[in-house]
Amino acid sequence: MVGALDRKLLRDLRRIWAQALAIALVLGCGIMVLVGAQATLRTLDLTLAAYYDRARFADVFTTLKRAPRSVLEDVALIDGVAQVEGRIATLALVQVTGMSVPATGQVVSYAPEGAVLNLPALRRGRMPLPDRLDEVALSEPFAEVHGLVPGARLRVILGGELRELTVTGWVLSPEFVYALGPGSLMPDDRRFGILFMPERAVAAATDMVGAVNQISLRLMRDADARVVTAALDRILAPYGGTGAHDRERQQSHAFLTSEMHQLSAMSTYAPPVFLLVSAFLVNMVLGRLIALERPQIGLLKAVGYSTREIAWHYLKLALLIGVIGTGAGWAAGFWMADGMIGLYADYFRFPFVIRAANPSALVISATLGLAVAAMGGGRAVWQSVRLPAAEAMRPPAPALFSRGWLDRALEALRLRQTVVMIARSILRWPGRAAITLFGVSASVAVLVMSYFMFDSAALLGDSVFGAANRQDLTLGLMEPVGEAVLLDARALPGVLKVEPGYAIPARLVNGTAERLSAVQAHWEGATLARLVDDRGEAVALPPHGLVLPEKLAQVLKVGPGSWLEVELLSPPRETLRLPVTAVFAQGLGQEAHIAAPALFAALRSAPQVSHLHLALDANARAALDDRLATLPAVSGLIDWVEVQRQFDTLLEENLLTMVTIYTAIGMMIAVGVIYNAAQILLSERSYELATLRVLGFSRREVAFVLVGEMMLLTLIAIPVGWAMGTWLAQGMVSAVSTDIIQLPFAISRRTYAYAGIAAAVAAFGSVTLVRRRLDRIDLVSALKSRE
Amino acid sequence: MTLAAPLSQPPRPVFRAEEVTRVYRTGAVEVRALRGISLNLYEGEMVVLLGASGSGKSTLLNILGGLDRPTGGRVFFRDTELTQASEAQLTAFRRAHVGFVFQFYNLVPSLTARENVALVTEIAANPMPPEEALERVGLGHRLHHFPAELSGGEQQRVAIARAIAKRPDVLLCDEPTGALDIATGAQVLEALHSVNRDLGTATVLITHNAVIQRIAHRVVVLADGRVVRDDPVTDRLQPSELSW
Ligand SMILES: Nc1ncnc2c1ncn2[C@@H]1O[C@H](COP(=O)(O)OP(=O)(O)OP(=O)(O)O)[C@@H](O)[C@H]1O
Ligand SMILES: [Mg+2]
C-alpha cells in the first residue's frame with residue numbers, strides 16, 4: 001500500500017524534476033554559504049588558536065622609548081602576568097635587487113636563549129647565531145618573493161648605517177600574520193618584511209645595549225587585561241611608554257578578526273534570503289502539483305487513505321526537495337570552504353592549517369533546509385488535503401473574475417488584450433505575483449549586497465589616493481626635526497614639492513572614556529596630504545582645537561565644545577587640554593587632527609616635522625632612489641604610486657573571482673523563481689495560450705503573454721531589490737566594521753545597474769527555457785484536453 | 001431565395017481537398033483517421049458534417065483550418081496550397097481567413113466578452129467593432145461580463161462573435177452545440193445561421209445531431225475516414241423551425 005504511494009512520489013518528482021532542481025539549487029546556495037563560511041571560520045578559529053598557543057602569542061603589547069632590561073623584572077611582578085618578553089624593535093631600509101626603492105624592514109630582536117613569547121616558527125635554514133652581528137632570518141613571504149634563500153646577502157640601512165647581512169633562514173610569526181608595513185593599506189610582501197636578528201646585533205646597531213623598547217606579556221588565565229595594562233602603563237610611563245594594548249588592537253590580529261567578521265556577516269545575512277525564497281518556491285510548486293492532483297486526492301480518500309497519510313505523502317515530496325537542496329548545499333559548502341581556506345592559507349601564511357567542519361552549522365543548515373521545505377510544502381498540502389473526497393474529485397472552481405475599478409482603469413488605458421491578460425493575471429493572483437516579485441527582488445538584493453563591497457573598497461581607494469594622498473612619496477623620519485628639513489628635502493633630485501607632516505601617539509581622555517590614538521598636525525595650504533571626509537571632500541581645520549572622526553568622538557563621548565585631555569606618548573610627553581572644535585565623517589582612520597600652529601602653540605615649541613610628503617618628477621626617480629637608499633635620517637617610505645597599484649590589483653583580482661561567484665549565486669535565485677513561476681503559468685494556461693495560437697496569434701505574440709508577465713514582475717522587482725539590497729548592505733557594513741577598521745558605505749549606480757541587469761538576464765533566460773515548451777505545444781491536443 | 005444567390009453564378013470553391021489522408025501513429029499502432037477525402041467548400045455555403053464518433057470529422061476540420069497537416073493529398077484555400085505552407089504561413093492564414101468555434105468555447109477567462117472579441121479584432125486587417133460582433137449574436141448587453149459570469153450558450157455566442165468579428169472567409173465549428181441544452185443550442189445555431197446569411201461566410205459545422213442538417217445547404221457524412229454521402233439540402237429550415 002505504502003509502496004504504491006511511494007512509487008507515485010518518485011514519479012511526481014521525476015515529472016517536476018527541473019522545478020524541484022531549481023528550488024533545491026536556491027536552497028543549496030543558502031546552505032552552501034552558511035556551511036562554507038562557517039567551516040572556513042571554524043578552521044581559521046582553530047588554526048589561529050593553535051598557532052597562537054604554540055607560538056605563545058602575547059596577550060598585551062606595548063612600545064616604549066627605551067627602558068633598561070631590569071624593568072622587565074618589575075613588570076613580571078604585576079599581578080596576573082605569566083610571562084614577559086622584552087626586545088628591541090626598529091625600522092630599517094632593505095635594498096633588494098630588482099626594486100628601485102628600498103623595502104621597509106621591521107627589525108625585531110630576540111634574546112640569546114631565544115624568544116619567550118611570539119616565537120617565530122622556523123620554516124627553512126636556521127636562526128642567526130646569538131653572537132653574530134651580520135646574520136638575519138627573514139619572514140617567509142618577503143624572503144620568498146625576493147628569492148632570498150639562506151646564504152643570500154642583503155644590504156640594510158640599520159641605525160643609520162649601511163650593513164651587509166647574510167640570510168640564515170625563513171620564519172613565520174604570529175605577530176605578522178597580516179603583515180602591514182607603516183602607512184600601508186594592505187599587506188605587501190614585496191615592500192615589507194620582518195627581519196629577526198640577535199639582540200646583540202640590534203642593540204649595537206641602535207645604541208640600545210642593555211635596553212628594550214618593546215614589551216609583551218602573556219597573562220594568567222584569570223587575569224584582568226585592563227588592570228594589567230594600567231599597571232604596565234604606570235611602570236613604563238617614565239620610560240616613554242606609548243600605552244599598552246591587548247590583542248584586539250594588535251594590528252595583525254585586528255585585521256584577521258575583521259576578516260572573520262566579514263565571513264561571519266556573510267553567513268548571517270545571505271542564507272536567510274535564500275531559505276525564505278526556497279520556502280515560497282516549495283509552496284508555489286507543491287501548491288500547483290496538488291491542484292493538478294485534486295481528483296486523485298479525492299480518489300485516494302474515497303479508497304480509504306486517511307488525510308494524514310495523504311498529507312504525509314505530499315510532505316515527503318517537499319522534504320525530498322529539502323534533502324536534495326541540503327545535500328547539494330553541504331557538498332558545495334565544503335567545496336567553497338576548501339577554496340576559501342586555501343586562499344586564506346596562501347594569503348596569510350599560517351605555518352599549519354587545522355581543517356574542521358562546523359558540526360553545528362551542518363546540523364543547523366540541515367534543520368533549516370528541511371524546515372523550510374516542510375513549511376513551504378505544509379501550507380500548500382494542508383489546504384487541499386483537508387477537502388472532503390467528493391469535493392476534491394470535482395475540478396476546482398474556476399478563478400472568479402469580476403469587474404472592479406481596476407478593470408475599468410485597464411479599459412481606459414486602451415491596452416492590447418494580451419497586455420490586459422498579463423495585468424489581470426497579476427492582479428487576480430496577487431499572492432503568487434508577490435512571491436515572484438519577492439524572489440526576484442531577493443536575487444537583486446543579494447547581488448547588490450555582494451557587489452557593494454567593491455564600491456566601498458573603491459570609495460576607500462578614491463578617498464585615500466585621489467583626495468587624501470596625492471603625494472608620490474612619503475618619507476618617515478627617524479625622529480621629529482625642525483622645519484629646516486623641508487629645504488633639505490626640496491634639494492633632493494627630482495623633488496617638485498615638499499609638504500611637512502607630523503603625527504604623535506597620544507592617549508585621548510574624557511573622564512572615564514579614553515582611547516589610544518594619535519594626533520596629526522596639518523599645515524595650512526597643504527595640497528598633497530590632506531584631511532578628507534568620507535566623500536573625499538577636504539576638511540577645513542579650524543584655527544584652534546581638535547577635529548575628530550565621528551566614531552572616535554562617539555567612543556570618547558565628546559562633541560564640538562567638549563574638552564579632551566591629550567597625553568602625548570612620545571616626546572615632549574606633555575598632557576594638553578584641548579577643545580574639540582569639529583567632528584567629521586571618515587571612513588578609515590581613528591586619529592585626532594589639529595592645525596599645526598595650534599598644536600605647536602600649545603606645546604610652546606617651534607613646529608616639528610615627523611614625515612615628509614613629496615611630489616616628484618617621474619623622470620628623475622632613479623636619481624632620487626639612489627640618494628634615498630643611503631639617507632640615514634629616513635626610517636621608512638611609502639611609495640603611493642606603488643601602493644595604489646597594489647590596491648587596484650588586489651581589487652581587480654578579487655573582483656573577477658568574487659563577482660563571478662556572487663553573480664552565479666545571486667542569479668540562481670532569479671532562475672529558481674522565474675523558472676518555477678513560468679512553468680506554473682504555462683501549466684495552468686497552456687489551454688488558453690494554445691487557443692491564442694488557433695486564433696492566429698504567432699508564437700512570438702503568444703509567448704509575449706508568458707514572457708511579458710514574468711519580465712514585468714522582474715522589472716517591478718528590481719527597484720524593490722535595490723532597496724532591500726541597500727538595507728542588507730547597511731547591515732553588513734555595521735557587522736563588518738571593527739574598532740580600527742570601518743568600511744565606508746557606498747553603493748554605486750554601476751552596482752545597482754549590474755544587479756538589475758544580472759537578475760533580468762537570469763529571469764529572461766529562465767522564462768525562455770519555458771517558452772521553448774510553449775512553442776512546441778501541440779495545438780490540436782491542447783484543445784482536446786480540458787484541464 | 002437564400003439558396004439562389006450563391007448558385008446563380010458558377011460556384012467558386014473556398015476549400016478544395018484532394019485525396020486527403022491522415023494517419024496517426026502512436027507507437028506501433030497506426031490509426032487511419034482519413035482515408036482519401038476529396039471535398040469542395042464553396043463561397044457562402046453552409047455545410048453540416050455528420051458522422052459517427054471517430055469517423056474523422058474533427059481531423060478533417062483541423063486540417064482545413066490549418067491546425068493540422070494531412071499525411072497525404074493536397075488542400076487548397078482558394079489558390080493557396082495549405083499543404084505546402086510553412087508554420088508561419090498557416091498562422092497568417094488562420095489569422096486572416098478562418099474563424100473557429102469549438103465545443104468548449106475556448107474563451108480567455110481573464111478577458112471580458114468584449115475583450116475576448118477585441119483579442120481577435122486587434123490583430124485582424126478589416127474587423128468589425130467588437131460591440132457589433134456581440135450585437136450580432138444577441139449579446140450587446142453583456143459586453144463587460146467575464147466568461148465565468150456567462151451561461152454556456154452565452155459563452156458559445158461570445159466565441160462565435162470572436163470568430164466572425166474579423167469577417168473571416170470561413171467559419172469552422174466543431175460541435176458548437178455539443179455542450180449545450182436544446183434551447184441554448186438553438187440560439188447558437190441561430191447566430192451561426194444569421195452570420196452565414198448576412199455576411200456570406202462559408203461555414204462548416206460538425207454535429208452529432210442529425211436534425212441540425214436541415215439548416216445547411218449541404219450535408220456531408222463521413223464514415224471511417226471516407227465521405228459516404230454528400231447531398232444538398234432541399235428543404236432548408238430556419239434554426240427556430242427545427243423540431244428536436
Ligand atoms: N492525436 C491523435 N492520436 C491518435 N489518434 C487520433 C488522434 N486524434 C484522433 N485520433 C483518431 O483518429 C480518428 C478520428 O478522430 P476524430 O477526432 O477526427 O473523430 P471525430 O469524427 O471528430 O469523432 P468525435 O465525433 O468523437 O469527435 C479516431 O479513431 C481517433 O481515435
Ligand atoms: Mg470530433
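All of these numbers come straight from a predicted model, not from anything done at the bench.
Using a 4.0 Å cut-off between charged side-chain N and carboxylate O, B:Glu122 and A:Arg414 make no salt bridge. Look at B:Glu115 and A:Arg416 and you find no salt bridge, because none of the NZ, NE, NH1 or NH2 atoms lies under 4.0 Å from a carboxylate O.
Residue A:Met421 comes nearest to B:Ser110 through the heavy atom pair CG-OG, 4.0 Å, listed as atom of the first residue, atom of the second, then distance. Taking each heavy atom of B:Pro109 and A:Glu688 in turn, the nearest pair found is CD-OE1, 3.5 Å. The two residues B:Asn62 and A:Val780 have their closest heavy-atom pair at ND2-CG1, 3.4 Å.
Looking at B:Glu87, the atoms closer than 4.5 Å to chain A (heavy atoms on both sides) all sit in the side chain, from C-beta outward. Neither the backbone nor the side chain of A:Leu427 comes within contact range of chain B; no heavy atoms are under 4.5 Å apart. Within the 4.5 angstrom heavy-atom criterion, only side-chain atoms of A:Leu692, from C-beta onward, approach chain B. With a threshold of 4.5 angstrom between heavy atoms, A:Leu695 approaches chain B through its backbone and through its side chain.
Contact annotation: the side chain of B:Phe102 never approaches that of A:Thr691 to less than 4.5 Å [non-hydrogen atoms, C-beta and beyond]. A heavy-atom distance below 4.5 Å is not found between the side chains of B:Thr121 and A:Gln417. Within the 4.5 Å cutoff, side-chain heavy atoms of A:Phe697 are placed close to those of B:Ile123. Considering only heavy atoms from C-beta on, B:Asn106 stays 4.5 Å or farther from A:Val694 through its side chain.
Under a cut-off of 6.0 angstrom, the local environment of CZ in A:Arg15 is crowded, with over 12 non-hydrogen atoms contributed by other residues, nucleotides or ligands. Around the CZ atom of B:Arg78, the shell of radius 6.0 Å holds more than 12 heavy atoms that belong to other residues, nucleotides or ligands. A 6.0 Å sphere centred on CZ of B:Phe76 holds more than 12 heavy atoms belonging to other residues, nucleotides or ligands.
For the pair A:Arg693 and B:Phe100, the NZ or CZ position fails the cation-pi test of under 6.0 Å to the six-membered ring centre and within 45 degrees of the ring normal.
To the nearest 0.5 Å, atoms CG (B:Asp68) and CG (A:Leu779) are separated by 9.0 Å.
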